[in-house]
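Read through the structure below, which is laid out as structure tokens, and then see the notes.
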Amino acid sequence: MHRLARTGGTAELLRWLAGRGEGWAGIVGPDGTVLHAAARTAGAMVPDVAGLVAESANALAERGVQAYSVDTGEHTALLFPLGGFPLSVFPQGFFPQGVFPQGAGDPAVPVLAVVSPRPVAAGLATLLADVVLPLSLCLQAEILERKRRRVDLAESRGREAVLHLLMTGQLSIAQQVAGALRPRLPDPVRVCVVECSGDGRDEVARVCVDADGGRSWIVRCPVYARHLILVMPAEDAEGAGDAEDAEGAEGAGDAGDAGEKAPEPGAAPTDETVAARVGDCVVGVSEPVPLADTATGYRQAFHALAVARELPTRHARFGVSPDPALVVGPAGRRWADELLNPLLTHVPRRAQDPGSQELLATATSWLAFSSHATDHLKVHRNTLAARLRLIGDLLGLDLHRLADQAALDLALRVRATPAPACTPEVPSSAPPAPPAPYVSGTSTAADGLDAILCRPAVRDWADQQLAPVLGDQRLTPVLGAEETLRTWLRCEGRLGPAAAELGISVPGARKRLTRLETVLQRSLLRPPSARYDLWLALRSRDLAAARQ
């Protein structure tokens, strides 16, 4: 009996009782609802449990006894209240309100009911009396476990919501929501993406908490089932190399967060510790970024993750690379405002239709995660498709084309970048040359993108992005790197058409792009992808070459 209680719980105990009683065994709520049941055979007699419970409740209350039996023709029903169950143990709504039997001593106590053929086996009543306590404990433990899982799910969804608010730039709301959870949101931060194996996210999350003393904000990625996202204090990720840094990190903590502790002096950074302690995980880490730029940090960490997969240490940090939104200048901000204006000023015709903020969040999520945006936004794929059609119509863009996707992505990133961070205009004595036509041709506002890409600061950014591919080809460890990259982008980032145009197999094209990920230190095959930045960089170089 006790072995079954420890290993099988309520279900195994009831199955064992049904076998010993050669009939039916179940746990019945005070309203007659069968909560758990088991039968020796498929044709075992199932009693009128509602009537039995009402009758037994009256008898128990009137006679003051601890058990009740009643003959029902060829069968005998034995009923034992499962004591020790206050009403607060059960979750709200577990029992219907107002249906408790009249005269019951405690309306919240469920009943063990066993229906056995007559004559009842010798010792069955004594056995049932002995099983009441372990069965009560098992049922109570299972109820508490279900409540714990609901609490864990609510906390996980809350953390996911905070991350979503950070990714969409709603910093103040994110901090308000995060105030009910621990730890507090750090600022500045490093974003870390940990790729786990199989179903190991929970175990890796425990390792992360142990490694950094609970100072990181840990979120199970809603898009990739094997990813954990850590928003870490930037000073912790740098490591606690000296006592002064350690004291500063400790002072940055919140005294009310009892589960947090500062890293010890000389301790390895959290991301390196996780990569070393979990032998089958891969870790990518961003540069230090302000909390408001969490979305940028996530993209950087995801690109670093693509590099880490090819390294024996399974760990990589994002290489220094400016964001294109920082080099477009005031003219770029004006272009972005003009392009996005129809979306920013959109007023839905019906109350249930998405507004401008919801459409902006949809566009940002889709550009980052492609079809996985349905998991990120928690919407149906048809809803996502309808919103994208509306966004394309409002902006005059063909979102099936990589050129228009890159234009929209740049505009959204420029809008999310503080204006003083943008590179100022540099006066030039040379008269500007007319830009080449915008390759998409679907948007008047997007036509100004070529003028932005001709800025000297943007050209310098493009040269830096493409240097590993377009530099000395003898040093690039990928056969036909430039041709592969240009063909892949020309085919809208689709692997099959690019392989056909290159005259190689799809696995061969994938292998080339995987090696390019290591060379460029950017993710190409899985979103968030660097294809928008690479398209913009190649377009900038081509425009510069056309003007010479």
Side-chain angles (χ1 to χ4, degrees), residues 160-161 164-165 167-170 222-224 295 298-299 324-325 332 334-416 437-450 452 488-498 524-536 539:
E160 183 182 322
H164 182 75
L165 290 169
M167 298 278 278
T168 55
Q170 303 178 68
V223 176
Y224 294 107
Y298 173 74
R299 285 195 297 269
R334 291 192 296 270
W335 165 81
D337 291 341
E338 181 184 356
L339 176 61
L340 296 175
N341 184 63
L343 190 59
L344 296 173
T345 58
H346 171 68
V347 177
R349 291 179 297 177
R350 301 177 302 174
Q352 63 267 33
D353 291 340
S356 60
Q357 293 301 318
E358 198 167 3
L359 292 177
L360 282 170
T362 299
T364 302
S365 178
W366 178 73
L367 289 169
F369 298 113
S370 187
S371 60
H372 295 292
T374 54
D375 299 320
H376 184 225
L377 297 171
K378 302 296 187 293
V379 298
H380 192 271
R381 63 178 182 273
N382 293 341
T383 302
L384 176 64
R387 291 184 185 178
L388 293 176
R389 284 195 299 269
L390 177 57
I391 293 170
D393 292 341
L394 289 172
L395 301 179
L397 296 175
D398 181 2
L399 295 183
H400 293 95
R401 302 194 61 176
L402 181 57
D404 284 12
Q405 295 171 15
L408 179 57
D409 180 73
L410 178 60
L412 290 171
R413 289 160 72 177
V414 169
R415 179 178 178 272
Y438 180 64
V439 294
S440 173
T442 59
S443 169
T444 303
D447 288 340
L449 176 60
D450 282 347
I452 306 303
W488 179 65
L489 294 175
R490 189 166 56 250
C491 294
E492 311 294 343
R494 292 179 297 176
L495 198 58
L524 300 180
L525 294 174
R526 293 202 290 180
S529 171
R531 57 182 182 175
Y532 304 136
D533 285 1
L534 294 174
W535 186 93
L536 293 170
R539 180 65 176 167

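Each residue takes its place number in the sequence, starting with 1.
Looking at residues two or more places apart in sequence or on another chain, you find no side chain to side chain donor-acceptor pair (under 3.5 Å) involving Asn341. Thr362 pairs by the side chain to side chain donor-acceptor pair (under 3.5 Å) definition with Arg387, not counting sequence neighbours. By the side chain to side chain donor-acceptor pair (under 3.5 Å) test, Arg415 is found to be paired with no residue, residues two or more places apart in sequence or in another chain being considered. Shown here are the side chain to side chain donor-acceptor pair (under 3.5 Å) partners of Glu492, two or more places apart in sequence or in another chain: there are none. Shown here are the side-chain contact (heavy atoms from CB on, under 4.5 Å) partners of His164, two or more places apart in sequence or in another chain: Thr168, His376, Leu377.
For the atom pair CG (Leu525) and CG (Leu495), the distance works out to 6.5 Å, reported to the nearest 0.5 Å. To the nearest 0.5 Å, atom CG of residue Leu359 and atom CG of residue Leu394 are 7.0 Å apart. How far OG of Ser365 is from CG of Leu384: 7.5 Å, rounded to the nearest 0.5 Å. Atom CG of Leu489 is separated from atom CH2 of Trp535 by 9.5 Å, given to the nearest 0.5 angstrom.
Between the side chain of Asp409 and the backbone N or O of Tyr532 there is no donor-acceptor pair closer than 3.5 Å. Not a single donor-acceptor pair under 3.5 Å links the side chain of Ser370 to the backbone N or O of Leu367. Between the side chain of Thr364 and the backbone N or O of Leu360, at least one donor-acceptor pair lies under 3.5 Å. A donor-acceptor contact shorter than 3.5 Å links the side chain of Trp488 to the backbone of Gly493.
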side-chain contact (heavy atoms from CB on, under 4.5 Å) between Leu339 and Leu449: does it pass, once the steps are laid out? CA-CA 10 Å; Leu339 176 61; Leu449 176 60; over 6 Å; no
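For residues 343-352, the side chain to side chain donor-acceptor pair (under 3.5 Å) pairs, not counting sequence neighbours, are Arg350-Asp353.
Closest heavy-atom contact between Ala368 and Pro527: O-CB, 3.1 Å. The two residues Leu408 and Ala363 have their closest heavy-atom pair at CD2-CB, 4.4 Å. Contact record, Glu358 with Pro354: OE1-CA, 3.4 Å, taken as the closest heavy-atom pair. Ala530 and Leu524 make their closest contact through CB-CD2, 4.2 Å (heavy atoms, listed as atom of the first residue, atom of the second, distance).
Considering only heavy atoms from C-beta on, Asp375 stays 4.5 Å or farther from Pro222 through its side chain. Counting heavy atoms from C-beta on, the side chains of Leu344 and Ser356 never come closer than 4.5 Å. Residues Gln405 and Trp366 are in side-chain contact: their nearest non-hydrogen atoms beyond the backbone lie under 4.5 Å apart.
Residue-environment remark: NE2 (His380) exceeds the threshold of 12 foreign heavy atoms within 6.0 Å.
Using a cut-off of 4.0 Å between Lys/Arg side-chain N and Asp/Glu carboxylate O, Asp533 and Arg413 are scored as salt-bridged.
The aromatic rings of Tyr224 and Phe369 sit perpendicular to each other, their planes meeting at more than 60°, with 30° as the lower class boundary.
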